[in-house]
Amino acid sequence: MIIPREFYERDTLTVARELLGQILVRETDEGIVRGSIVETEGYLGLRDDAAHSYKGKSDRVRVQYGPAGAAYIYMIYGMYHCLNITTGPEGVPEVVLIRALEPVSGIGLMAKRRGTEKLPQLCSGPGKLCRAMAVDKALYGADLCSDGPLRLEYGKTPAETAASKRIGIDYAALCRDKLWRFTIAGNQYVSVRR
DNA sequence: ATGCAGATCGTCT
DNA sequence: GACGATCTGCATC
């Protein structure tokens, strides 16, 4: 069952936490792959100096100003992509970064795309999971609430979740210590354990 | 287990 | 012109 847009129209940190356990589905000519979300981070736009939209509108972040439940995808370090989901009301540029998945199905295809058979390494990082799921800028702005090539379905509610500091944003003097990263407690597929 | 260099290019100053 | 919401391989402890 596809998660409706109203789910994403709420407070960004609530959405970030409640995305844990939900299922990301990617369908291409090669087949269908699924992963359960085990790690997310909230990026709170104008009130978050780590957010791409901290300084307002630009071409890169334009989809963040549209409706919730859309894919905000960007390229990082010239070779990886990162997948985010837009949240909140229209006009509020906030997102949730998907940082890690637990592979659920289509594992053979993920392994082929990633060039490794090692299950814990297939989707344990934002760049890795985009590669495993063939997510790139062609999906920029895609609606995750409809029955398309990239969508989100209800999964299983995790027993216990945890909040921690976000990864790789030490440059953000104001918000680097905020506990805006969420994980499924004890899960083996998160990107960084602490 | 920890650390560092290199890859590689879109975005912003 | 500089740098990044990353990942990998290789070196060292």
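Atoms considered below: every heavy atom in the structure, side chains included; atoms not considered: hydrogens, waters and symmetry mates. In what follows, every chain begins at residue 1, and chains take the letters A, B, ... in the order their sequences are listed.
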Looking only at the side chains, is there a donor atom on one of A:Gln121 and A:Thr116 sitting less than 3.5 Å from an acceptor on the other? no

Between A:His52 and C:dA5, is there a side-chain N or O to OP1/OP2 distance below 4.0 Å? yes

To the nearest Å, how far apart are A:Arg131 CZ and C:dT6 P? 14 Å

Would you kindly give the CZ-to-P distance between A:Arg60 and B:dC9, to the nearest whole Å? 17 Å

Any donor-acceptor pair under 3.5 Å linking the side-chain atoms of A:Glu41 with those of A:Tyr43? yes

For A:Gly127, answer base if it contacts any base atom (sugar-phosphate contacts may also be present), sugar-phosphate if it contacts only those atoms, and nothing otherwise; contact means non-hydrogen atoms under 4.0 Å. sugar-phosphate

Determine: side-chain N/O of A:Arg114 to OP1/OP2 of C:dC7, distance under 4.0 Å, yes or no. no

Whole-Å gap separating P (C:dT6) and OH (A:Tyr171): 8 Å

Nearest whole Å is fine: how far is C:dA5 C1' from A:Tyr74 OH? 4 Å

Does the structure place the NZ or CZ of A:Lys57 under 6.0 Å from the centre of the six-membered ring of A:Tyr65, at an angle of no more than 45° from the ring's axis? yes

Just how far, in rounded Å, is P of C:dT6 from CD of A:Gln121? 17 Å

Is there a side-chain polar atom (N or O) of A:Lys137 under 4.0 Å from OP1 or OP2 of B:dG10? no

Does a side-chain N or O of A:Ser191 approach OP1 or OP2 of C:dT6 to a distance below 4.0 Å, or not? no

Does A:Asp59 reach a base, just sugar-phosphate, or nothing at all? Heavy atoms under 4.0 Å. nothing

